[in-house]
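Report on the following structure.
Predicted model, so just to flag it, every value in this text is computed and none were measured. Proteins come first, then strands; the chains are lettered A, B, ... in the order of their sequence lines, and each starts at number 1.
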Amino acid sequence: MTLSWVTLLSSQPIVAAFNLDFVRISESIPFILGGILVTLKFTALSAVLGFIWGTILSLFKISNFKPLNWFGTVYTSIFRGTPLLVTLSLIYFATPQLTGFDISGFQAGVITFALNSGAYISEVIRAGIQAIDKGQTEAAVSLGVRYRPMMLDIILPQAVKNILPALVNESIALLKDSALVSTIGAQDLLRRAQIVGAEKFVYFEPLLIVAVVYYAMVMTLTVTASFMERQLQRSS
Amino acid sequence: MTPSNSEDGNGSVAVKIDRLYKSFGALKVLKEISAEIDRGEVIAMIGPSGSGKSTFLRCINLLEIPTSGRIVINGADITNAKTDVMKIRQNVGMVFQHFNLFPHMTVLQNIMYAPMKVKGAAKGQAKSKALELLGKVGLVEKADTYPSKLSGGQKQRVAIARALAMEPDIMLFDEPTSALDPEMVKEVLDVMKDLANSGMTMAIVTHEMGFAREVANRILFLDQGRLVEDATPEVFFSTPKSERACQFLEKVL
């Protein structure tokens, strides 16, 4: 089935005009597309962990306890001030040396991306929390509600709703940046395209396929997000 | 005024405020305020804007931390660092000028939340209590509505029900009708009147002079951070002692 689809694609005039040859890599296409799962798994894990870590960091930043403020600020500045590719390689190569644990590319990637996106998300969440009317905190406190349930049940749900668009943007950035893990050997979409390219000596076609797949995934995320946003707006 | 005989919590004094000072930086907002509120008493706090009456009220449940002075509620010194303020606050209900309902919860959820979360009430129990309170403020049919769909007056009545759900001994009202359209003021004041008649101890910061005169047992008049007059409404509105109160009443009545 794949083959007939590929033949059909190859017969298109534009494909012919660019001298593209999908037939040569046709049997490798399922292998490349298998990377979708790896990329999605990677992105989802990093996003969830990054969100949790970012929430904790944002609470550090608005805390009255100075050392926590300080930690949050320094932490964020480090991850903002270094290229993601550098931190990624650092964690991948330093972990075995420091701990003796033979970390996989996938694991190193998830850790780095969670730590990194935590830094960015913490700023977003901090702003989101601080944008919530002070009256909400006062109302909760007046009812005798303690800090933890107040944050979890009253402040954060409202903050997250306001910052949802920003969180989706962060997930999109994560999804696209996930291609960086190809440099440390995780078999994501991009890495698979490169493997196929090296085997078959054709690079343009696999990369083109991968680009289209990334685009489709990002668009799906965007559309889902705007749908969710509309649903949430309705309930307020 | 009944003599203050109690700090043990069983006497007639619900709130005792002793030489309260509050500053925001260099700005002295409250200066040496001492007052008592007896059980079942309804106190109206009035005064020109900037006189510190809201800050005074907010000190009573520590939304503002006093710079110095003592506040004793039901025998517990809430200005003492060892006191669990959250425990005290459960017994002091607060109603705000801008309602501060939780917008992501329905009316019913707004009212049920604190009893369930703070007091560990069972869901069914909290719900029947909430519906009973909604009945009192005349909003049972709005139980499943979100706050954004309510009028200002309805929001404030829900806010009162939410505070009452914790079964407080004392209710504080911070300009509860100031953010309302004129035609909605009455519905809120009526609810407050019922509450006062039921024997609730209340402290109300208000600009509604008619209401203060009719419902309050005592008027506290503040000016420039000082408690200038502490009198019954009859005395205060007919023969105020201070020059400042005379001027104020001339303008508002």
Query raised in the report: Should Ser142(A) and Leu63(B) count as side-chain neighbours, where that means a heavy-atom distance under 4.5 Å?
Result: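 In short, these two side chains touch, coming nearer than 4.5 Å.
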Please determine whether the number of non-hydrogen atoms from other residues, nucleotides or ligands lying under 6.0 Å from atom [atom1] of [X] exceeds 12.
X: Lys127(B); atom1: NZ; result: no
X: Tyr215(A); atom1: OH; result: no
X: Phe227(A); atom1: CZ; result: no
X: Glu141(B); atom1: CD; result: yes

Would you mind checking which part of [X] comes under 4.5 Å of any heavy atom in chain A, side chain (CB onward), backbone (N, CA, C, O), both or neither?
X: Phe96(B); answer: side chain
X: Phe99(B); answer: neither
X: Leu101(B); answer: backbone
X: Asn110(B); answer: neither
X: Val118(B); answer: side chain

**Report entry** Choice from Lys87(B), Met166(B), Arg162(B) maximising heavy atom contacts with chain A below 4.5 Å
**Finding:**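 Heavy-atom pair counts peak at Arg162(B).
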Requested in this report: Using the test ring pair (Phe, Tyr, Trp, His ring centres under 6.0 Å), find all partners of Phe113(A) that sit at least two apart in sequence or belong to another chain.
Outcome: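 Counting only residues at least two positions away or on another chain, Phe113(A) forms a ring pair (Phe, Tyr, Trp, His ring centres under 6.0 Å) with Phe42(A).
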Query - Closest non-hydrogen atom pair, Phe102(B) against Ala139(A) - result: CE2-CB, 4.1 Å
Report task. Give the intermediate values and the outcome of side-chain contact (heavy atoms from CB on, under 4.5 Å) for residues Glu138(A) and Met94(B). Result -> CA-CA 9 Å; Glu138(A) 292 186 347; Met94(B) 175 104 179; over 6 Å; no
Requested in this report: Using a heavy-atom cutoff of under 4.5 Å, enumerate the residues of residues 152-160 of chain A that contact chain B, numbered in order, or state 'none'.
Outcome: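 Expected list: Asp153(A), Ile154(A), Pro157(A), Gln158(A).
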Query raised in the report: Does anything in residues 54-89 of chain A get under 4.5 Å of chain B by heavy atoms, and if so which residues?
Result: none
Which pairs would a plain distance check flag for residues 171-189 of chain A, meaning a side-chain donor or acceptor within less than 3.5 Å of a matching protein atom at least two apart in sequence or in another chain?
| unit_1 | atom_1 | unit_2 | atom_2 | d |
| --- | --- | --- | --- | --- |
| Ser171(A) | OG | Leu167(A) | O | 2.9 |
| Ser178(A) | OG | Leu175(A) | O | 2.6 |
| Ser182(A) | OG | Ala179(A) | O | 2.6 |
| Thr183(A) | OG1 | Leu180(A) | O | 2.6 |
| Asp188(A) | OD1 | Arg191(A) | N | 3.1 |

Query raised in the report: side-chain contact (heavy atoms from CB on, under 4.5 Å) between Met86(B) and Val141(A): does it pass, once the steps are laid out?
Result: CA-CA 7 Å; Met86(B) 284 302 186; Val141(A) 160; 4.2 Å; yes
Query raised in the report: When you look at Gln90(B) and Leu143(A), which way does the side-chain contact (heavy atoms from CB on, under 4.5 Å) test go after all the steps?
Result: CA-CA 6 Å; Gln90(B) 292 176 28; Leu143(A) 289 164; over 6 Å; no
